[in-house]
Every structure is written in C-alpha cells, then in structure tokens.
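Below: the structure, in structure tokens.
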Amino acid sequence: MSAGALTRAVPAAVARLRAVASTQLGRRLVTSTFWSATSESLSRGLLFVGMILVARTLNTAAYGEFGLVRSTINMFAAFGGMGLGLTANRFVAEHRTRNPRLAGDIAGSSLLVATMAGLIVGLAVLVAAPWLATVALHAPQLEWGLRLSAFMLLLGAVNGAQMGVLQGLEAYQQLAIGSVIQGIVAVVGLTVGAKLYGLDGALLGLLSYMLAGVVALQWQMRVALARGGITLRFRAIRATLPIFLAFSLPVMLSGVAIAPLRWFAETLVVRTVGFAELGLFHAAMTIATMLTALVSTLHAPLLSVTANAGGSRRVERTSLYGGWYASLVLTLPLLLFPSLAALVLGAKFDTPAFRGVVVLLAAYVALMMYYQGVLRLIALRGSMWFALGTNLLEGAALIAAFVWLGKRGALGLGVAYVASYVVRIAITLPVLARGSVIRPDLLWDRGFLLSLAALCVLVTVQLRGVW
C-alpha cells in the first residue's frame, strides 16, 4: 500500500458517488439524506449533549451503572421492537405508490404489533427487575432503574415503528420536526435529572426523552400519512403476517442474538474489574454511538431509494460503501487524536486506557457502518435468516475474545468489539458473493481495500503505546 495509491483511489470513489448524485434517484437520495441527517443530528445530537453532561456530572462508577441499565434496555428492546421499524421502512417504501392500501396495512400492523410486544416485554422486565438487579447484575441498587426501564421498553418499541413508517414514506422533514422536540426534552431532562437526583434522575430524563419521541412522532406520522393518501389499518395482521414471519421475525432474532451477548460481556466487566472500568467503556461508547448515529442517517434513505432502484449497480455500490467512507471522515480525528474525547467528557476520563478504547471503538464504528451496507443488500435481495446467522457469529466472537482478554477491562472489551466484526466480515462476505447477494466485483473495490489497510495501520500504531 502506498500513499499515492490511496490518494488516487479515494477521489475515484468520490467521482462514482457524484455520478450517482447526478441521476434522478441520486437527487432523491441526496434530498432524503439531507433531511434524514437533519432529523438524526437534531435528535441524536441533543441526546448526545445530554449524555455528555450526565458523564460530566456522575462519577465513573455511577456512569457505568447508568450504561449497564441502558444496555439492559437495549437487550430487551430487541424483543419489544421485533424488527418492526426496519419492516415498516422496507415495505412502506416499496408499496406506498404502487399499493397504498397495502402500505397502510403494513404501517398499521407494525404499530399494533410493536405496542403489544412492548407491553409484554415491559411487563416481564417489571416483574423480573429484583432478580435482574440482585442475581444477574449483582447490583441491587439498580432495581428501581430496571423497573423504570420497563416503561422505556414500551415507548421504545412504539417509537421504532413510528420512525420506520416515516422513513418508508421518506417523510424526513416531519421526522426532523419530531426530533427537535425530542432532543430538547433529552437535554433538559437528562441534565436537570442528573444534577438533582444523580443516577435515578438521569434515568428519569431518559424516560422523558422516549415519551416525547412517541408523542411528537405520532403527530408527525399522521401528517405524513395524510399527505401520502395512506390510511392506517389495524385489522390487517392476518394479511401482513407472511411479511412479519419472513422479514420481521429474523430481524428480531438477529437483535436477540447479539444484544444479550453484549450485555453479558458488560456484566463480566463489572464482575471482573468493577463499574468504574465499565464507566470508561460506556464513556467511549457514548462518542462512538454519536458517530454511528450520524453515519446511520444514510441507512434509511439508502434502503428506501435502493428498494425503488430496480437493481441499479451504481445505487448498490453507493449503498454498500457510502457509510464506510462517511464513517472514515468522521472517525479520523478521534483515530489521530483520541484525547479529544476526554476534552468533551471531562478530565477524569483522560487515561491511556480510555484513549485506547476510543481508538478501538472508532475502528469498530467504521467496520459496523461498512457491514450496515452489506445488510442493506441482504434486506433487499437476500435472506434475513442469513443475517441472523451472522449476528450469532458476531456474538460468539465477541464473547470468545472477551473471555480471553477480560482482565484488560474496558480495553479488552474494546478489542473484543472490533474482533467480533472482523470475524463477521471475513467469514460472511465470501458466502454472500457465492450466493449472488452481492456482486463479487462490488466487493473488490480498490478504494475500500486501501482505506481498510490504512485504518488497520493507524489503529496498530495508536495502540502500540497503550496495550
């Protein structure tokens, strides 16, 4: 690999993206991405500000407890959401012009099933909260927070389905309006709650953020549906059941396959080295999550536009690599200067181990955004059951790597996260290429391979003085 080759390859990739942008589909993609980025930056950006202020308010151990409760929510959210946000996006986008009645059936059924699933999972967590806190987490002080998370699970399930409907309608302006309201509530709720009541107050702030999202997006979703001439129908579950079984079920199981394993890895961190070390990891993950949210603004528009593109090779290439190149641009400052994260989060996080975790999670974000492009093509042409298998593979690699590196605490968990995606990509891509889900010529992209090699070199250099 040479600097000259990398310099030539990146402009070539940019030129291909510009060629796509000049087409009608490309213009739609640019418009959708702009409004998607606006909505995500408003909602996630303001949530990020709130999380930063919580991190600066709580000590590292309390922030580790806060992070573990959030991880518990994310684990059970895979059951409550049931993949219905992605389902609504994928199929409402496909049928909104060809068959508005079917689009209304899918949207209504998605919302109804999400509400029912959220209620069931929320009640289960409410009842199991004492056992989870004392037996599973060895942290009885978290019982109240886990009870509170039961209500968040219901709100999160409904919110995810609402967002999927809006994305499928390409109603990103309405999504942006709802995101402004939600984001403002996040900053105020998280900041005031953490300052007044510590960990419990921060969790109440998180609950207020989710509640505001449900109310605001419900309003905006009704506006977008009326504009598209689509009527929500809640009694078409039987007609849409084949879609849920073939698409939503494996999507849900994919989340179920990996979320509990990530949660289990975090409980191992607590048992091995304590909440303070987990606090360092979650502080770095807060930065990584924000970067992921910014790049993921491409996901919904790319999925919607590619679903209507009729197999366009240019659009598929953009769908596959768009997130990768965007993530490299956003993560490069942290890869070069990881101490920037400590400037944002506070001096208590400015340690060599924390800087190492920041570098590792920046690389993890880039790999994850590349594979998100792979999953888009799987969702359109492949089997979501195969995606479930790759999630199981990722989870197994994560646990295996962390068991080996567990004594390194946050740094070991960061390495395990990167290793899990390296294994997932290395094993699954050849299988996908042979099955024609992804054209082999799309996989052997020179710009991607050179930039991947450069990323590996940079991470190795940065970790040399830390590991």
Side-chain angles (χ1 to χ4, degrees), residues 35-58 62-74 77 80-81 85 145 148-149 151-164 166-167 172 174-218 220 279 281-300 327 330 334 341 344-346 349 361 365 368-369:
W35 284 109
S36 177
T38 300
S39 65
E40 284 289 333
S41 61
L42 289 170
S43 176
R44 301 295 184 117
L46 291 170
L47 176 62
F48 175 70
V49 171
M51 291 294 182
I52 293 298
L53 294 173
V54 170
R56 297 181 73 93
T57 301
L58 303 179
Y63 197 71
E65 293 174 345
F66 180 64
L68 189 56
V69 172
R70 290 184 64 208
S71 295
T72 305
I73 295 171
N74 292 336
L148 199 62
S149 71
F151 300 97
M152 298 186 206
L153 286 165
L154 170 60
L155 296 173
V158 176
N159 198 9
Q162 290 174 331
M163 289 183 65
L166 285 166
Q167 290 164 347
Y172 294 103
Q174 281 70 42
L175 195 54
I177 294 171
S179 297
V180 171
I181 299 171
Q182 189 177 19
I184 292 172
V185 172
V187 172
V188 175
L190 286 167
T191 305
V192 174
K195 286 186 176 297
L196 293 181
Y197 303 108
L199 173 62
D200 292 341
L203 292 171
L204 282 171
L206 193 60
L207 176 65
S208 67
Y209 161 78
M210 292 185 173
L211 179 60
V214 169
V215 174
L217 292 184
Q218 179 69 18
Q220 294 303 317
F281 178 81
H282 271 285
M285 184 57 82
T286 298
I287 303 292
T289 300
M290 183 58 194
L291 295 174
T292 301
L294 289 172
V295 182
S296 291
T297 58
L298 292 169
H299 178 62
S327 66
L330 291 176
L334 287 177
V344 175
L345 291 162
F349 293 105
L361 291 185
V365 168
M368 181 168 54
M369 291 300 98

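None of the values given here were measured: they were computed from a predicted structure. This chain uses plain numbering: 1 for the first residue, then up along the sequence.
Between Leu166 and Tyr172, every side-chain heavy-atom pair lies at or beyond the 4.5 Å cut-off. Within the 4.5 Å cutoff, the side chain of Leu206 has no heavy atoms near those of the Leu148 side chain. The closest side-chain heavy-atom distance from Met368 to Ser327 is not below 4.5 Å. At least one side-chain heavy atom of Leu345 sits less than 4.5 Å from a side-chain heavy atom of Ile287. Proximity of Leu203 to Tyr197: side-chain heavy atoms (C-beta onward) are nowhere separated by under 4.5 Å. In this structure the side chain of Tyr63 reaches within 4.5 angstrom of the side chain of Met51, judged on heavy atoms.
Proximity of a side-chain donor or acceptor of Arg56 to a complementary backbone N or O of Val344 within less than 3.5 Å is detected.
Note that the CD atom of Gln182 and the OG atom of Ser208 stand 9.5 Å from one another [nearest 0.5 Å]. The OG1 atom of Thr72 sits 9.5 Å away from atom CG of Leu153, with the distance rounded to the nearest 0.5 Å. Rounded to the nearest 0.5 angstrom, Leu361 CG and His282 NE2 are separated by 10.5 Å. Here the OG atom belonging to Ser149 is positioned 12.0 Å from the CG atom belonging to Leu154, to the nearest 0.5 angstrom. Rounded to the nearest 0.5 angstrom, Leu330 CG and Met369 CE are separated by 10.5 Å.
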Practice item. Carefully, step by step, assess Leu334 and Leu291 under the rule side-chain contact (heavy atoms from CB on, under 4.5 Å). Key: CA-CA 10 Å; Leu334 287 177; Leu291 295 174; 3.7 Å; yes
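Phe349 approaches Gly279 most closely through the heavy-atom pair CE2-O, 3.9 Å. The heavy-atom pair separating Val54 from Ala202 by the smallest distance is CG1-CB, 4.1 Å. Across Leu207 and Leu155, no two heavy atoms sit closer than the pair CD1-CD1, 3.7 Å.
Exactly one of Ile52, Leu190, Thr289, Thr286 qualifies for a side-chain contact (heavy atoms from CB on, under 4.5 Å) with Leu47. That residue is Leu190. Of the candidates Gln220, Gln167, Gln162, Leu175 forms a side-chain contact (heavy atoms from CB on, under 4.5 Å) with just one, namely Gln167.
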